[in-house]
**Student:** 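First the structure, then my questions, so here it is.
Just so you know, ligand 1 is whichever comes first in the structure, and atom 1 is the first atom listed for that ligand. Starting from 1, each residue takes its place in the sequence as its number.
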Amino acid sequence: MEAYTPTDQTRIHRRPERGHYDRALVHSIIDEALVCHVGFVADGKPRVIPTTIVRIDEAVYLHGSPQNRLLTTLAEGAPACIEITHVDAIVAGRSGFGCSVDYRSVVIYGKGEVVAGDEKARVLDAVIESFLPGHRVRPYKPSEIGATLILRFPLDEVSAKVRDIGVKEVDGDYDLDLWAGVIPLSIVPGKVRDCPRLKPGVTTPDYAREYGGPARSVTRPASAETKLTDCH
Ligand SMILES: Cc1cc2nc3c(=O)[nH]c(=O)nc-3n(C[C@H](O)[C@H](O)[C@H](O)COP(=O)(O)OP(=O)(O)OC[C@H]3O[C@@H](n4cnc5c(N)ncnc54)[C@H](O)[C@@H]3O)c2cc1C
């Protein structure tokens, strides 16, 4: 199936035309993320914790120390809500209500499954490949693998929301003598700094010098034909 099935939990109420369940769109938003935020309840209190995320096929993975409260709570079966947002542009309107942001976001609900065996190294490799494609590292030590708790969340209950319409005003405001427009935003890498203890002869690889960010293969839903620069 090309789309996730909306559930009572993932059906978008406000601005439903901005809601999407298309798999390719959801995947592209997740793959571009350097960080996600995970909501869960621990000791009766709500918490939202930022952490890295990687997607492999139809699951996302969180990893960290076996002492990490987020992971230990989720490993015990607590439900999680994982969220990713990319702010694509500042939208300057002619009224306060017309000011907004263009964005792409994903919300994932699910319970974590503990990853074991050879799959652990495969997930850790995927984490590195997701934020620094092409980077080579030495093989993991068994102690490092043992000291890492990894949880898999199958992508079942998922929604995406996209605002990419730029300026949208109420009729009449377009005639005001005020500037309106869109300021696109993106992550811009700075100049690479080599590790001061780099072994002589080791050079800076192109994938670091020409870093373009995580996977940026943005797939727009068929219904979202407007562009960031469009002014409505
Ligand atoms: C950068 C950014 C800024 C935003 N600013 C505002 C703001 O200032 N005011 C405002 O009212 N809204 C804002 N939103 C939208 C906000 O995220 C919700 O969509 C909004 O609160 C409406 O939710 P709801 O009542 O329809 O859905 P809810 O009843 O809260 O949620 C129902 C289900 O819809 C899905 N869902 C809801 N929102 C999203 C989302 N953003 N992405 C993916 N799935 C979602 C989830 O599966 C959720 O369980 C912003 C979103 C982003 C990404």
**Student:** I'd like the contact residues of ligand 1, where contact means a heavy atom below 4.0 Å.
**Tutor:** Gln9, Thr10, Arg11, Ile12, His13, Arg14, Thr85, Val101, Tyr103, Ser105, Val107, Tyr109, Ser159, Ala160, Lys161

**Student:** Give a yes or no on whether the backbone of Tyr4 and the side-chain of Arg23 come within a donor-acceptor separation of less than 3.5 Å.
**Tutor:** no

**Student:** Hey, is the main chain of Leu74 close enough, under 3.5 Å, to the side chain of Lys111 for a donor-acceptor pair?
**Tutor:** no

**Student:** Could you give all pairs that pass the side chain to side chain donor-acceptor pair (under 3.5 Å) test and reach residues 131-140, with sequence neighbours left out?
**Tutor:** His135-Tyr207, Arg138-Glu144

**Student:** Not counting sequence neighbours, list each pair that qualifies as a side chain to side chain donor-acceptor pair (under 3.5 Å) and has a residue in residues 35-53.
**Tutor:** Asp43-Arg69

**Student:** Which hydrophobic side chains are connected to Leu198, either touching it within the sub-4.5 Å cutoff or through other members that do?
**Tutor:** Val202

**Student:** Would you mind telling me which of Ile29, Ile30, Asp22 makes a side chain to side chain contact (heavy atoms under 4.5 Å, CB included) with Val26?
**Tutor:** Ile30

